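Small disclaimer: the values here were computed from a predicted structure and weren't measured. Order of the sequence lines fixes the chain letters, A, B, ..., with proteins taken first and strands second; residue numbering starts at 1 for each chain.
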Protein chains: 2
Amino acid sequence: MVDDWISALESERASMGRASASEKVADALRTRIIEGDLRPRTRLSEERIGAALGVSRNTLREAFHLLGHERLVVREFNRGVFVRALDHDDVRDLYRFRRILEVSSIRQAALDGSDLTRLHAAVDEGGAAAAVEDWRGLGSANMHFHEALAALAGSRRVDEAMRQVLAEMRLVFSTMSDPRTFHEPYLEGNRQLAALLSAGNHDEAERALLTYLDRAEAQLLAAMSA
Amino acid sequence: MVDDWISALESERASMGRASASEKVADALRTRIIEGDLRPRTRLSEERIGAALGVSRNTLREAFHLLGHERLVVREFNRGVFVRALDHDDVRDLYRFRRILEVSSIRQAALDGSDLTRLHAAVDEGGAAAAVEDWRGLGSANMHFHEALAALAGSRRVDEAMRQVLAEMRLVFSTMSDPRTFHEPYLEGNRQLAALLSAGNHDEAERALLTYLDRAEAQLLAAMSA
DNA sequence: TATTGCGGGATTGTTCAACAATCGCTAGTT
DNA sequence: AACTAGCGATTGTTGAACAATCCCGCAATA
């Protein structure tokens, strides 16, 4: 059935006891989107989803606003909200932005010997996930690595921007069939990057990061064309 | 009367004929906040503002979401929404972020000889505003200058991030009594920066920009302490 | 005096039902 | 085939209602 995710949504209905209703709805939808149950361009009908989750249209709309803010859905006036679909330009722009944020984070780390524990922890997390062939988990670890990398800039707003970017990256990955292909090659890259930073070799780290991002971008673009 | 801005809001009620109601409400409130009529920490009562603008609570709430997304207001659960109040840390973080975005824009411009017309247009706009002593207009021109500067990065997401940052900057300026002090000194700085970029002297431009931002940050922080 | 606990009023959070505005599609016309 | 009118479905917006929560004053207590 095409509407299989509706039942998946209903299963999330249990965990909605506390906090703001709209946030819980947003959580549920976010999970469905990231897990790939809700494909890009899918229209999110207020009526059906409201019924599935047992919330009113108003609350649902607030949730849509939250997801729109995270760029996971787009709202088209008088037409509804749709799961966001990223094109090649989006991916190129995402990586352009990532280069800016992550390179400047490394440069900041070069100035003030930052704390690299989070970074190494993310590497370890990735190693553990790969060891048990949990490729989705490896993907998350990868995200954590880059989140930790951006955190070296020591700026709340950089953190926030990076989280935003990574959420959009998940949107891209959600459409890919084989997570391993897109995450496993970068485990070693992360390890090397962390090592270079630990060694204080920031120039080399910057170069490595740029090659890393170039490669990832090219791979994603190629996969999107196919 | 303390509630003078209520009538100012009502005057905006006329211009609300087209487009989404919530966006219009957000526009009206945004103006009031930026103009300084709504001071930081002011609580935005759903009842009173809804009545003043003639919209329902639900629509008003959607508008609050939009403004929250722009970080002009903060929503506190079960307590209401308040005009955002920035502290010293916020200002420091804003400038940290601006350095990252604007420096990388200049570096990008160094790689691909970007189009500088918007930049020069913003300089001219500032000159014209200063000539007639329109200091608020000079402030806007200043924003446009840095928006144009960030645009050199050639990234939609950088543009968006910069707009976000500048909106927060307006929030700071809205609390300042004398706009001239905070905008006039930078007219010459903008002119020089544009000239350096036109001349292709990007290294010097980068240094000038950093001094520029350091000075602006220090001046704002000093003003906030007073 | 300071603090704790307890109303009670005011405000926000959420739901519901209704209507207006708009869109997309289909059928009919030329 | 193209174009238009109309219709059904969906979103946009409203208003009212109720529940949940917070704020503030007041009394009781130590």
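- Atom CZ in B:R48 sits about 14 Å away from atom P in C:dA10, given to the nearest Å.
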Restricting to nitrogen or oxygen on both sides, can you table the protein-nucleotides 14-16 of chain D pairs closer than 3.5 Å?
from, atom 1, to, atom 2, distance (Å)
D:dT14, OP2, B:S56, N, 3.3
D:dT14, OP2, B:S56, OG, 3.2
D:dT14, OP2, B:T59, OG1, 2.1
D:dG15, O6, B:N58, ND2, 2.7

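- Donor-acceptor pairing under 3.5 Å is lacking for the side chains of A:N58 and A:E62.
- Close to C:dT12, at under 4.0 Å from its OP1 or OP2, lies a side-chain N or O of B:R43.
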Salt bridge (charged side-chain N to carboxylate O under 4.0 Å, His left out) assessment of B:R156 paired with B:D159 | CA-CA 5 Å; B:R156 294 205 309 260; B:D159 293 347; over 6 Å; no
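- At distances below 3.5 Å, at least one donor-acceptor pair connects side-chain atoms of A:S114 with backbone N or O atoms of A:D112.
- Contacts of A:E47 with the nucleic acid, taken as non-hydrogen atoms under 4.0 Å apart, involve only primed sugar atoms and P, OP1 or OP2.
- A donor-acceptor pair is defined here as one N or O able to donate and one able to accept, closer than 3.5 Å; no such pair exists between the side chain of A:N190 and the backbone of A:L187.
- B:Q164 is linked by a side chain to side chain contact (heavy atoms under 4.5 Å, CB included) to B:R71, B:E168, counting only residues two or more places apart in sequence or in another chain.
- Distance B:H65 NE2 to D:dG12 C1': 16 Å, rounded to the nearest Å.
- Counting heavy atoms from C-beta on, the side chains of A:L86 and A:P40 never come closer than 4.5 Å.
- Checked by atom type and distance alone, the side chain of A:T175 never pairs as donor or acceptor with a backbone atom of A:L171 at under 3.5 Å.
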Look for any protein N or O under 3.5 Å of an N or O in nucleotides 5-7 of chain C and output each such pair with its distance, or none.
none

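- Atom P of nucleotide D:dG12 and atom CZ of B:R61 are separated by 18 Å, given to the nearest angstrom.
- Rounded to whole Å, atom C1' of D:dT10 lies 13 Å from atom CZ of A:F77.
- Taking the six-membered ring wherever Trp is involved, the centroid distance between the rings of A:Y212 and A:H146 falls below 6.0 Å.
- Each end of the helix from C:dT1-D:dA30 to C:dT30-D:dA1 gets its own axis from five base pairs, and the two axes differ in direction by 20°, given to 10 degrees.
- With sequence neighbours excluded, the residues forming a side chain to side chain donor-acceptor pair (under 3.5 Å) with B:Q219 are B:Y186, listed by chain and number.
- Closest to the side chain of A:S45, out of C:dG13, D:dT13, D:dT11, is D:dT11.
- Remark: A:H88 engages no residue in a ring-ring contact (aromatic ring centres under 6.0 Å, His included) (not counting sequence neighbours).
- Rounded to whole Å, atom P of C:dT12 lies 13 Å from atom CD of A:E62.
- A:F64 has its CZ atom 8 Å from the P atom of D:dT11, to the nearest Å.
- Rounded to whole Å, atom C1' of C:dG13 lies 15 Å from atom CD of B:E76.
- At whole-Å resolution of the value, CG in A:N78 and P in C:dA21 are 11 Å apart.
- The shortest distance between side-chain heavy atoms of B:V81 and B:E76 does not fall below 4.5 Å.
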